Amino acid sequence: MTKARIDARFAALKAEGRAAFVPYVMAGDPDAATALKILKGLPAAGADLIEVGFPFSDPMAEGPPIQRAALRALAKGLTLRGTLDPIAAFREGDQTTPIILMGYMNPLVSRGFKDFAREAAEAGVDGMIVVDCPPEEADPLADALEAHGLALIFLTSPTTDDKRLPTVLRRASGFVYYVSVAGVTGVKEADAASVAPNVERIRKASGLPVAVGFGIKTPERAAAIAEVADAVVVGSALVDVVAEAVELNEDVTTRVLSKVDSLAKAVRFARRGLTAV
Amino acid sequence: MNAPVRPNDYAAFPDAKGRFGDYGGQYVPETLMPLVHDLDAAYTAAKADPAFQAELDGFLTHYVGRPSPLYFAERLTDHFGGAKIYLKREELNHTGSHKINNCMGQILLARRMGKTRIIAETGAGQHGVASATVCARFGLPCIVYMGAVDVERQKPNVFRMNLLGARVEAVTSGSATLKDAMNEALRDWVTNVHDTYYMIGTAAGMHPYPEMVRDFQAVIGRETRAQVLEIEGRLPDAVVACVGGGSNAIGIFHPFLNDEGVQLIGVEAAGDGMDTDRHAAAINGGRPGVLHGNMTYLLQDREGQITEAHSISAGLDYPGIEPEHSWLHDVGRATYQTATDAESLEAFMLLSKLEGILPAIESAHALARIGDIARDVGKGGVVVLNLSGRGDKDVNTVAAHLGRQI
Ligand SMILES: Cc1ncc(COP(=O)(O)O)c(C=O)c1O
């Protein structure tokens, strides 16, 4: 299983001729029970893959929404175990939706790469994105993940030129993540016209599906990116919904899943020239 | 991790991957990697270029005021009754600390690279002031990220930076202190990759920063070595420095690394005490991990979340340490002691009264251990302490702890 689940999902989407919708939710946000309810509801709301944020105290590539979400989760005492257990619970009811954990190096270093990889695989995680782990530093982690069938998913960005691309792709598996703007999450807006040639370039060089994220907030933007990319990731806009719903004392799960639904529909119908209803 | 081995030549480190043993490296988001490689290439070229070195030397002499004196502290020596104590007077540099040595080097490099916008992080404000100073001198815009908590406790330095034309951005994210200021500076850099130069203030961060900042600060150790040889006709028995991020310490240590007979002693901030969790001692109270681009000793909880540092000294209030110190500790070439807030305040007052020198509260941490070290070395020996900064900036803090109004 594991990495195989990512490959199977992208193969199925390719056959359907559409891009994947990938929501990003922060583990343990706004609290453990609600986070689990959201996680379990995501596939029915249209998630094709799921990114789960593994919070870190010092998230250097994150804009204010995800920074705040990480701090909310950590303030409630979230641990690695508390991040993995809900994923294991999710897996009891869903064997096909890939889950990618996205976080930073130090909590993995702290746990030890081998133990981390084993525990993550046992919980049903399929891949890892480690924001501050460039390919130059990736071998020990990639080895540990590979031993448990997990993919290490690499980030590429507008500053990754053709000369550098092979270095980044050397150990890439699962898919390649294209950070659509030079910047932190949730601030600048991605522009489909400038994203398209980069996706094409990375797809050709890697032979892997290319997911685009950082700076996609609305269904319109998601649809535009879905026409050119293999997967569309939305994070900050969703964690903002969590914060807003908590603030307004609304039902967090309902609000988040309805936002996911509208984004997923936009992605689903993008290449057929249809608009979401 | 592999068993640490002492090298034959310390000058050969870091290796090509920016490693000091297991420490250092380049743990940065992909968007920054090409920039970090560019910086590495630009620095390597500058380092080998005599014209760059000559330009830097000129500014260090005529603008910074180097060389700084190596001063025999006679009354301090008599007070402890041990080895002769010399003070390396970095507090006499322009802007009042060693920080300007690094800023002068980096601003010349930024100009060489054609960068037009400078960003920096600061804790106490000393590096912020030094950055604002060199930016004013070369007419470049300067944005200084500073934790909102520090902006509050270091108001005079905020005003100094403003007078020098810099913009100070108060950082409210996270714990709103130095580590968060550094996160915010990195976020700025990732967003403004094309024109921006990030002037890191201590020997932390990703390769090549630890090496580069060390090289720019090593002027302290080179001068010290020559001065002590001239005055005493021998090398010192011990060299002592306070350790925050670690730049003044590595600067004075580095030229002595291959002189195995010279003890190298760093002093970390113990805050309320090492038996509490309110300290800033990464080596004595932390364990290895990855933060701000490098592998090093860090204050962190069991889950690998970074914990906040605590010290009376804003300049030592950082949960990490430069990676070369982590390695020197592991291989046993340098040792790292600690001093509490209370001990440092006492040392602050002692030096003021005995020598007529107000030390920076950071440097006072090293002074707090100098008596024991001088006595251990014994009469007839020679020890050197890096007096990294002057204490005028700290008079409000000291007064508050003494319960005085000024
Ligand atoms: C006077 C002085 N000494 C020491 C330090 C600590 O930094 P480092 O350990 O990099 O020398 C600072 C930092 O602000 C400082 O201002």
Side-chain angles (χ1 to χ4, degrees), chain A residues 54-64 67-68 70-71 73-74 77-83 103-112 116 130-138 140 154-161 163-165 167-168 176-179 181-185 187-188 214, chain B residues 1 16-19 22 24-38 40 171-175 179-194 196 205-207 287-296 298-308 319-320:
Chain A
F54 177 25
F56 179 49
S57 52
D58 294 81
M60 65 155 112
E62 247 60 73
Q67 284 174 41
R68 286 194 294 258
L71 290 183
L74 290 174
L78 190 78
T79 58
L80 172 59
R81 205 57 267 157
T83 302
Y104 288 77
M105 263 315 235
N106 199 49
L108 313 190
V109 172
S110 175
R111 187 70 192 97
F116 171 81
V130 185
V131 180
D132 55 348
C133 183
E136 285 83 346
E137 304 289 357
F154 286 91
L155 302 174
T156 53
S157 96
T159 60
T160 314
D161 59 17
K163 194 166 132 269
R164 179 165 169 76
L165 199 51
T167 306
V168 180
V176 179
Y177 195 123
Y178 179 65
V179 172
V181 293
V184 294
T185 49
V187 179
K188 291 183 185 170
F214 280 46
Chain B
M1 301 212 170
K17 296 189 77 184
R19 293 274 175 177
D22 289 327
Q26 297 181 306
Y27 298 91
V28 291
E30 175 58 25
T31 307
L32 287 182
M33 275 312 278
L35 282 88
V36 166
H37 285 314
D38 282 352
D40 193 12
V171 175
T172 53
S173 60
S175 57
K179 76 176 176 74
D180 307 286
M182 198 146 177
N183 289 332
E184 214 51 45
L186 286 164
R187 289 177 189 127
D188 179 316
W189 199 21
V190 118
T191 309
N192 299 289
V193 288
H194 295 298
T196 297
M206 64 297 289
H207 178 70
R287 61 191 170 90
V290 172
L291 178 68
H292 295 150
N294 70 96
M295 165 87 67
T296 194
L298 294 173
L299 301 182
Q300 53 183 313
D301 68 14
R302 290 184 46 202
E303 291 282 322
Q305 304 294 341
I306 306 306
T307 53
E308 252 178 87

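Every chain is numbered from 1 and lettered A, B, ... according to where its sequence line falls, protein lines coming before strand lines. Model, not experiment: these values are computed from the prediction.
Heavy-atom pairs under 4.5 Å with chain B were tallied for A:Val130, A:Thr79, A:Leu155; the largest tally goes to A:Thr79. Between chain A and the residues B:Pro29, B:Gly289, B:Gly293, B:Gly25, the most heavy-atom pairs under 4.5 angstrom are made by B:Pro29. Top candidate by heavy-atom pairs under 4.5 Å with chain B, chosen from A:Pro134, A:Pro158, A:Pro107, is A:Pro134. Top candidate by heavy-atom pairs under 4.5 Å with chain B, chosen from A:Val179, A:Asn106, A:Thr159, is A:Asn106. For the set B:Arg187, B:Met182, B:Met206, the entry with the most heavy-atom pairs within less than 4.5 Å of chain A is B:Arg187. Heavy-atom pairs under 4.5 Å with chain B peak, among A:Pro59, A:Pro64, A:Ala70, at A:Pro59.
The shortest side-chain heavy-atom distance between A:Asp132 and B:Val290 falls under the 4.5 Å cut-off. Counting heavy atoms from C-beta on, the side chains of A:Glu62 and A:Val184 never come closer than 4.5 Å. Counting heavy atoms from C-beta on, the side chains of B:Leu298 and B:Ile306 come closer than 4.5 Å.
The side-chain contact (heavy atoms from CB on, under 4.5 Å) test applied to A:Val168 returns A:Pro135, A:Phe154, A:Thr156, A:Thr160, A:Arg164, B:Glu30, not counting sequence neighbours.
The NZ atom of B:Lys17 lies 8.0 Å from the CD atom of A:Glu136; values are rounded to the nearest 0.5 Å. The NE2 atom of B:His37 lies 9.0 Å from the NZ atom of A:Lys163; values are rounded to the nearest 0.5 Å.
For a residue to count as touching a neighbouring chain, one of its non-hydrogen atoms must lie under 4.5 Å from one of that chain's; by this rule B:Arg302 touches chain A with the backbone only. Heavy atoms of A:Leu74 lying under 4.5 Å from chain B belong exclusively to its side chain. With a 4.5 Å cut-off on non-hydrogen atoms, A:Leu71 touches chain B through its side chain but not through its backbone.
Scanning both residues, B:Lys179 and A:Asp58, for their nearest heavy atoms gives NZ-OD2, 2.9 Å.
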